Peer 1: 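One structure, as structure tokens, below. Some questions next.
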Amino acid sequence: METIGDHIRLWRISNDFLQKDIAQMLFVSEDTITGWEQNRAVPGTKQIAKLVKLLGYLPIKIDTSTLGGRITQFRYLNGLTPKEFGALVNADPSTVRAWEIGTNKPSKNRRLLIEMLIKC
């Protein structure tokens with residue numbers, strides 16, 4: 001299984017960049033890039049959105065056949081934390097996470113709101 005760090009390293013090497021170059025592009029430290037590539041750490045939501053722009057794709061496999069997966073994908077692509085997404089749909093962060101992992105489902109009206117937001 002490929003990790004986010006594997007994707008970063010492969011892209012970086014394929015495009016002849018050093019870790020310090022990627023660090024500058026993403027406004028993080030070189031040690032941060034090293035940690036990601038060595039799978040000692042993972043990028044936060046904000047960094048994942050920047051990585052999507054850099055790599056040209058989302059380096060995480062997400063099951064978008066579920067509403068929870070579509071919420072997760074939307075958050076990552078837009079650099080939103082569960083709290084920030086929750087503010088958009090009037091839900092607390094723990095509720096957003098419960099939707100994402102499938103332990104809870106939004107009401108019909110909230111689901112429609114979420115679907116409209118995600119499609120825009």
Side-chain angles (χ1 to χ4, degrees):
M1 174 182 234
E2 288 187 349
T3 65
I4 295 172
D6 295 334
H7 286 273
I8 295 166
R9 186 171 193 281
L10 178 64
W11 186 91
R12 179 180 63 76
I13 291 170
S14 298
N15 290 282
D16 292 325
F17 285 106
L18 299 173
Q19 288 179 334
K20 70 178 181 178
D21 300 325
I22 303 302
Q24 289 173 349
M25 291 177 199
L26 299 175
F27 302 101
V28 297
S29 71
E30 189 174 342
D31 287 341
T32 297
I33 301 300
T34 301
W36 293 346
E37 288 187 359
Q38 293 179 355
N39 300 309
R40 290 179 298 161
V42 294
T45 305
K46 304 290 184 193
Q47 287 88 18
I48 289 175
K50 291 177 184 177
L51 282 169
V52 168
K53 291 178 183 165
L54 181 71
L55 302 174
Y57 64 93
L58 181 62
I60 302 169
K61 291 186 184 214
I62 298 172
D63 179 5
T64 57
S65 69
T66 67
L67 178 62
R70 291 191 300 278
I71 292 169
T72 303
Q73 180 183 47
F74 179 84
R75 281 196 319 97
Y76 283 147
L77 291 175
N78 292 282
L80 299 173
T81 64
K83 182 178 182 178
E84 292 167 332
F85 182 83
L88 296 174
V89 296
N90 196 27
D92 62 74
S94 61
T95 299
V96 172
R97 291 298 298 140
W99 294 338
E100 289 180 333
I101 63 175
T103 57
N104 196 350
K105 294 182 181 181
S107 66
K108 184 177 179 180
N109 287 339
R110 187 156 302 150
R111 181 184 175 105
L112 291 172
L113 172 65
I114 292 167
E115 292 285 4
M116 286 182 8
L117 176 65
I118 289 172
K119 287 180 183 176
C120 291

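None of the values given here were measured: they were computed from a predicted structure. Computed over heavy atoms, backbone and side chain alike; hydrogens, waters and symmetry mates excluded.
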Peer 1: Who pairs with K83 by salt bridge (Lys or Arg N to Asp or Glu O under 4.0 Å), at least two apart in sequence or on another chain?
Peer 2: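 Counting only residues at least two positions away or on another chain, K83 forms no salt bridge (Lys or Arg N to Asp or Glu O under 4.0 Å).
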Peer 1: Kindly compute the distance separating CD (E37) from OG1 (T32), expressed to the nearest 0.5 Å.
Peer 2: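 Here the interatomic distance stands at 11.5 Å.
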Peer 1: Which residue pairs satisfy the salt bridge (charged side-chain N to carboxylate O under 4.0 Å, His left out) criterion with at least one member in residues 100-120, sequence neighbours excluded?
Peer 2: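 Counting only pairs at least two positions apart or across chains, the salt bridge (charged side-chain N to carboxylate O under 4.0 Å, His left out) contacts touching residues 100-120 are R70-E115, R75-E100, R97-E100, R111-E115.
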Peer 1: Say whether D92 and S94, considering side chains only, have a donor N or O and an acceptor N or O under 3.5 Å apart.
Peer 2: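 There is such a pair (donor and acceptor under 3.5 Å, judged by atom type) between the side chains of D92 and S94.
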Peer 1: What residues form a side chain to side chain donor-acceptor pair (under 3.5 Å) with Q47, not counting sequence neighbours?
Peer 2: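 By the side chain to side chain donor-acceptor pair (under 3.5 Å) rule, Q47 matches no residue at all.
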Peer 1: Tracing side-chain links under 4.5 Å among I, L, V, M, F, W and Y, which residues wind up in one group with L58?
Peer 2: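 Its cluster partners, ordered by chain and number, are I4, I8, W11, F17, I22, M25, L26, V28, I33, W36, I48, L51, V52, L54, L55, Y57, I60, I62, Y76, L77.
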Peer 1: So, using side chain to side chain donor-acceptor pair (under 3.5 Å) as the criterion, who are the partners of S65 when residues are at least two apart?
Peer 2: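 Counting only residues at least two positions away or on another chain, S65 forms a side chain to side chain donor-acceptor pair (under 3.5 Å) with D63.
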Peer 1: Atom CZ of R9 and atom OG of S14: how far apart are they, to the nearest 0.5 Å?
Peer 2: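 If we round to the nearest 0.5 Å, R9:CZ and S14:OG are 10.0 Å apart.
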Peer 1: Any luck finding a side-chain donor-acceptor pair between T3 and D6 under 3.5 Å?
Peer 2: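 The criterion, which ignores hydrogens and geometry beyond distance, is satisfied for D6 and T3.
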Peer 1: Closest approach of P93 and P82, non-hydrogen atoms and distance?
Peer 2: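 In terms of heavy atoms, the two residues are closest at O-CB, 3.9 Å.
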Peer 1: Apart from V89 itself, what residues make up its hydrophobic cluster, given side-chain heavy atom links below 4.5 Å?
Peer 2: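 ILVMFWY cluster around V89 also holds L67, I71, F74, L80, F85, L88, V96, W99, L113, I114, L117, I118.
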Peer 1: What distance do N78 atom CG and E84 atom CD have between them, rounded to the nearest 0.5 Å?
Peer 2: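 Separation between the atoms: 10.5 Å.
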Peer 1: Enter the distance from N39:CG to E2:CD here, rounded to the nearest 0.5 Å.
Peer 2: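 Result: 11.0 Å between the selected atoms.
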